[in-house]
Amino acid sequence: VKELSNYKMGEITKSISQGIVTGCNDVYLISLDFIITHKLETDYLKKVYKGKDIRSGELIDSGYYIFYPYEEGEDGKDICISEDVLKRKCPNLYSYLKNSKKILSQRDYFSKSNKKWYELWNPRRKRHFENRKFVFSEINIVNDFVLVDECYYTDSACGAELKDEFKKYEQYLYLYLNSDLITYCYKKLSVPKANGYSIYKNAFLKELPVLINQQIDDEKMNIDNMQRCEFNDFIYKVFGIDDYEKKLIEEELCAYKSI
């Protein structure tokens, strides 16, 4: 697979990054029930997903939102809203945060930064969360990449946004990344965790071999309409995997999936 591939995942993506690091999930991750009960304004609340909410090819709504007080400036950089704006636009939300100020102030590393007391420790880029991308759990038993549009996620999940010139291959890459063959390859590339789990992070994903050649271009329309089982057979043939090798791969993956 490595010999026949002409790209690595790190070469076709703008970034492969971990999600939002709040510094205090107990305060910043808020349930919908709490929001409704306490009439919190939603101007700066975004539906959020943890790694465990990304599974079986879809996003599972856990009913949680994240406080995300950032707007994109004219220069493209994210700017934290002022305390005055937060207080004026979202008085109930501001009151909730103010009541938790003592807890938030216990984040010692904040005292050494120029961040506002209610800020997130590492909010990442707002534009990334609103753009189309692959999202996936940071730790998983097998490859489980989900293609989504707007999606905010925590540091137990990761995301990968394709470079513009590769966006036309997103359906192919969705099938490719979730295929049995590439799952098998990735588990040989990543660091194994307990019970057969693997780490899905930039350090390993950026090295994942990716094949995009003339055959893929020629059959793109057909590929885009394939089901995953059909694509599994297709990609085995593209890489010249014989029946014996296919059996070994599927037996090993079957053992993981049964965990």
Side-chain angles (χ1 to χ4, degrees), residues 8-10 12-26 28-32 46-66 68 120-126 128-162 170-210 228 231-232 249 252-259:
K8 293 180 180 179
M9 192 168 174
I12 67 170
T13 53
K14 293 180 181 179
S15 65
I16 304 173
S17 59
Q18 188 181 35
I20 300 165
V21 182
T22 68
C24 189
N25 282 352
D26 288 344
Y28 290 122
L29 269 56
I30 311 170
S31 72
L32 179 58
K46 303 289 185 181
K47 185 179 287 293
V48 71
Y49 299 89
K50 295 181 179 180
K52 66 179 182 179
D53 303 323
I54 306 170
R55 61 181 186 271
S56 302
E58 62 182 345
L59 299 179
I60 309 300
D61 187 356
S62 65
Y64 274 82
Y65 289 72
I66 190 168
Y68 197 84
L120 309 179
W121 178 240
N122 192 336
R124 309 301 180 187
R125 292 289 304 279
K126 183 177 182 180
H128 168 74
F129 294 115
E130 297 186 347
N131 285 349
R132 193 161 175 79
K133 59 194 164 293
F134 292 102
V135 294
F136 43 95
S137 179
E138 186 181 58
I139 298 177
N140 213 332
I141 194 72
V142 294
N143 291 13
D144 195 358
F145 295 83
V146 181
L147 189 59
V148 296
D149 290 307
E150 180 177 314
C151 177
Y152 287 74
Y153 52 91
T154 69
D155 54 352
S156 60
C158 296
E161 188 177 346
L162 294 175
E170 68 171 26
Q171 180 60 20
Y172 162 71
L173 290 168
Y174 166 74
L175 292 167
Y176 180 91
L177 292 172
N178 287 307
S179 67
D180 287 348
L181 176 59
I182 301 308
T183 296
Y184 175 85
C185 292
Y186 185 74
K187 292 190 77 66
K188 302 301 180 184
L189 183 65
S190 180
V191 171
K193 300 286 287 184
N195 300 318
Y197 281 78
S198 298
I199 298 174
Y200 287 79
K201 281 188 173 182
N202 178 56
F204 311 108
L205 282 167
K206 69 180 182 181
E207 300 297 329
L208 183 66
V210 176
R228 286 175 65 169
F231 183 85
N232 274 334
I249 291 170
E252 183 167 324
L253 291 183
C254 186
Y256 288 126
K257 292 175 182 178
S258 66
I259 294 176

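Model, not experiment: these values are computed from the prediction.
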Less than 4.0 angstrom from a charged side-chain N to a carboxylate O is my criterion; do K47 and D61 meet it? yes
Give a yes or no on whether a salt bridge exists between K126 and E150, defined as a side-chain N under 4.0 angstrom from a carboxylate O. no
Is the backbone N or O of T154 less than 3.5 Å from a side-chain atom of K50, with the two atoms forming a donor-acceptor pair by type? no
Sidechain-backbone polar pair: T22 side chain, N25 backbone, donor-acceptor under 3.5 Å: yes
First locate atom CE of M9, then atom NZ of K206, and finally report the distance between them rounded to the nearest 0.5 Å. 13.0 Å
Worked check of side-chain contact (heavy atoms from CB on, under 4.5 Å) between V146 and F136: CA-CA 6 Å; V146 181; F136 43 95; over 6 Å; no
Could you work out, with side chain to side chain contact (heavy atoms under 4.5 Å, CB included) as the rule, every residue matching I199, not counting sequence neighbours? S190, V191, K193, K201, F204
Under a 3.5 Å cutoff, is there a donor and acceptor pairing between the side chains of K187 and S198? yes
Do K133 side-chain atoms and F129 backbone N/O form a donor-acceptor pair below 3.5 Å? yes
Determine the minimum heavy-atom distance between L177 and L208, stating which atoms define it. CD2-CD2, 3.7 Å
Can you find a pair of side-chain heavy atoms, one from K52 and one from S137, that are under 4.5 Å apart? no
Main chain of N143, side chain of Y200: is a donor-acceptor contact present, judged purely on distance under 3.5 Å? yes
Restricting to pairs with a member in residues 170-182, which pass salt bridge (charged side-chain N to carboxylate O under 4.0 Å, His left out), not counting sequence neighbours? R132-E170, D180-K257
Taking C-beta and beyond as the side chain, do Y65 and L32 meet within less than 4.5 Å on heavy atoms? yes
Closest contact, heavy atoms only, S56 versus D144: N-OD2, 2.6 Å
Checking the side chain of N122 only, and the main-chain atoms of I20 only, is there a donor and an acceptor separated by less than 3.5 Å? no
Got a second to check how far C158's SG is from F134's CZ, nearest 0.5 Å? 14.5 Å
Given side chains that start at C-beta, do those of Y256 and Y197 come closer than 4.5 Å, heavy atoms only? no
With side chains defined as the heavy atoms from C-beta onward, is the minimum distance between L120 and V21 less than 4.5 Å? no
With a 4.5 Å heavy-atom cut-off, do E161 and T13 have their side chains touching? no
Would you sort out whether V135 and Y152 count as a side-chain contact (heavy atoms from CB on, under 4.5 Å), showing the intermediate values? CA-CA 10 Å; V135 294; Y152 287 74; over 6 Å; no
Is there side-chain contact between Y68 and P123, with heavy atoms separated by less than 4.5 Å? yes
May I have the step-by-step check of side-chain contact (heavy atoms from CB on, under 4.5 Å) for I12 and L162, ending in yes or no? CA-CA 6 Å; I12 67 170; L162 294 175; 4.2 Å; yes
CG of D53 to CD of E58: how many Å apart, nearest 0.5 Å? 11.0 Å
So do the side chains of L59 and Y49 get within less than 4.5 Å of each other, counting heavy atoms only? yes
From N131 atom CG to D149 atom CG, the distance as rounded to the nearest 0.5 Å: 9.0 Å
Roughly how far, to the nearest 0.5 Å, is the OG atom of S179 from the OH atom of Y174? 11.5 Å
side-chain contact (heavy atoms from CB on, under 4.5 Å) between Y64 and I30, intermediate numbers included: CA-CA 5 Å; Y64 274 82; I30 311 170; 5.7 Å; no
If you measure only the distance, is there a donor-acceptor pair under 3.5 Å linking the side chains of Q18 and D155? no
N178 side chain to F145 main-chain N or O, any donor-acceptor pair under 3.5 Å? yes
